[in-house]
Amino acid sequence: MNIIKKPTWQLSEKDVTPKEIFDKRRDFLKLGVASLITSNSVLELFAKENLPIKNLDYQIDKNIQDLKLNTYDQITSYNNFYEFTTSKEGVKPLANTLNTNNWDIVVDGLIEKEFIIRFEDLMKNFQLEERIYRFRCVEGWSMVVPWIGFKLSDFIKYAKPLSSAKYIRFETLVDEEMFPDQARGIFSTIDYPYVEGLRLDEAMNDLTILAVGLYGSSMPKQNGAPIRLIVPWKYGFKSVKSIAKISFTDKEPLNSWQKENPREYGFYANVNPNVDHPRWSQKRERVLGSFFKQKTLMFNGYEKEVAHLYKGMDLRKYF
Ligand SMILES: Nc1nc2c(c(=O)[nH]1)N[C@H]1C(S)=C(S)[C@@H](COP(=O)(O)O)O[C@H]1N2
Ligand SMILES: [Mo]
């Protein structure tokens, strides 16, 4: 007897979510090449959603909160990356000048021994995981992204900081040939390099990752290839892109946006619906692709995991 069972990857629903397509694709990839020929519907859906071919190995995130993922197109077509341009739609078409070949990362400051490591060599030391996170920009928009990366805490253990290290500081690459806004010299939008930092206990928190990809494949250039920080309970500007230098310090780093406008941006930048930006409310946010706004959650929905880090601190003062 030959019972023909409909394979799970044959999608019939008219209106599947990107998340469903992505999960189906996982099943589909497991089935291998033989099934490829018969699965036009799946291929069409991949093409429609512009999903990249998976090229990273990682532990999947079970998405127990059932967050609805933004599409690959949304995540990669609306970006803040001032090294290219301040136009969010303008980053993607310009980002091809970012060259991630032979990408070296300098690791220095208060550690046992300073070193320089090639991105690919760094990667070999860590287990990659998928992390499906809410991502909230200080400007009032948000999205849900399936990042791939490794725990910053694992990197910190690898770098062996001295007990005097209290903060970690990150710098984006400076290269006028890759980044047009850096080539504008004194007419640049902001001072480069783009700098960000975390207190070491924030950096060691399990939620904090160094991301090297999204939706199963390497980080798109416009999202900060080859490696960037992701701190999901903080406003997006903390999540510095295209990292070329990581330093351990005993002083709070002066991050780029605080340096540009200390009245409006501080060091902590925790997502907080109760502390307004001087020029707008932070109570609500618009998720990319949806018309209506939704409530912004305390610590972007990660209160249980991170509230203890700020016990006794006045979050209006440490904004
Ligand atoms: N080097 C660098 N990193 C950066 C930025 C930038 O302009 N330059 N913008 C920040 C801001 S304001 C946000 S909201 C996020 C945007 O990340 P995305 O484009 O992947 O959504 O990157 C952050 N990291
Ligand atoms: Mo942002």
Side-chain angles (χ1 to χ4, degrees), residues 52 69-95 97-98 100 103 105 131-149 169-176 178-182 184 188-198 208-215 217-246 253 255-261 264-266 269-271 277 279-280 282 285-289 296 300:
L69 270 65
N70 279 92
T71 67
Y72 188 76
D73 260 355
Q74 288 167 336
I75 296 165
T76 58
S77 310
Y78 187 85
N79 302 97
N80 270 334
F81 203 161
Y82 278 23
E83 283 84 344
F84 290 107
T85 169
T86 55
S87 152
K88 294 184 215 310
E89 293 81 10
V91 178
K92 181 161 93 167
L94 288 175
T97 56
L98 172 54
T100 58
W103 190 276
I105 299 165
R131 295 289 183 100
I132 297 174
Y133 283 155
R134 296 178 205 87
F135 189 79
R136 166 66 153 85
C137 174
V138 74
E139 297 161 342
W141 54 269
S142 71
M143 55 186 179
V144 173
V145 186
W147 302 109
I148 316 287
R169 180 183 182 279
F170 303 87
E171 272 184 21
T172 298
L173 182 72
V174 177
D175 186 316
E176 296 189 358
M178 295 194 207
F179 295 126
D181 195 56
Q182 291 181 347
R184 297 171 67 224
S188 293
T189 311
I190 61 170
D191 259 354
Y192 297 109
Y194 192 100
V195 171
E196 260 307 338
L198 295 170
T208 312
I209 61 166
L210 286 170
V212 299
L214 58 87
Y215 264 115
S217 75
S218 312
M219 191 63 79
K221 293 182 176 181
Q222 61 269 38
N223 295 88
I227 184 166
R228 72 174 300 178
L229 183 68
I230 295 295
V231 201
W233 72 93
K234 291 178 180 284
Y235 291 120
F237 69 80
K238 296 296 290 182
S239 292
V240 44
K241 294 176 166 181
S242 305
I243 295 167
K245 189 174 173 189
I246 304 177
N255 50 312
S256 286
W257 282 105
Q258 186 181 7
K259 185 173 163 194
E260 289 295 324
N261 193 343
E264 298 191 357
Y265 306 101
N270 292 315
V271 175
H277 184 276
R279 287 182 281 135
W280 58 84
Q282 293 291 27
E285 68 200 47
R286 193 180 67 83
V287 183
L288 288 196
T296 289
N300 207 22

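Source: prediction; values computed, not measured. Every number for a ligand or one of its atoms is a count from 1 in the order of the listing.
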The side chain to side chain contact (heavy atoms under 4.5 Å, CB included) partner of P193 among I243, V240, D175, V174 is V174
Checking F81, Y82, Y78 against V91 for side chain to side chain contact (heavy atoms under 4.5 Å, CB included), the one that qualifies is F81
Could you tell me whether [X] approaches ligand 1 through its side chain, its backbone, both or neither, with non-hydrogen atoms closer than 4.0 Å?
X	result
F135	side chain
R228	side chain
N79	both
Y82	both
K238	neither
E83	side chain

Distance-only side-chain donor-acceptor flag, T296 / Q282, under 3.5 Å | no
Any luck finding a side-chain donor-acceptor pair between N270 and K234 under 3.5 Å?
->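 The criterion, which ignores hydrogens and geometry beyond distance, is satisfied for K234 and N270.
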N223: numbered ligand 1 atoms lying under 4.0 Å from its heavy atoms =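 That gives atoms 18 (P), 20 (O) of ligand 1.
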What pairs with K92 under side chain to side chain donor-acceptor pair (under 3.5 Å), at least two apart in sequence or on another chain?
-> S77
For ligand 1, find out whether one of its N or O atoms is nearer than 3.5 Å to an N or O atom of W147.
-> no
Report yes if some N/O of Y78 lies less than 3.5 Å from some N/O of ligand 1; otherwise report no.
->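 There is no such contact.
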What protein heavy atom sits nearest [atom], and how far away is it?
atom	value
atom 23 (C) of ligand 1	G236 O, 3.3 Å
atom 10 (C) of ligand 1	Y194 OH, 3.5 Å
atom 19 (O) of ligand 1	K241 NZ, 2.6 Å

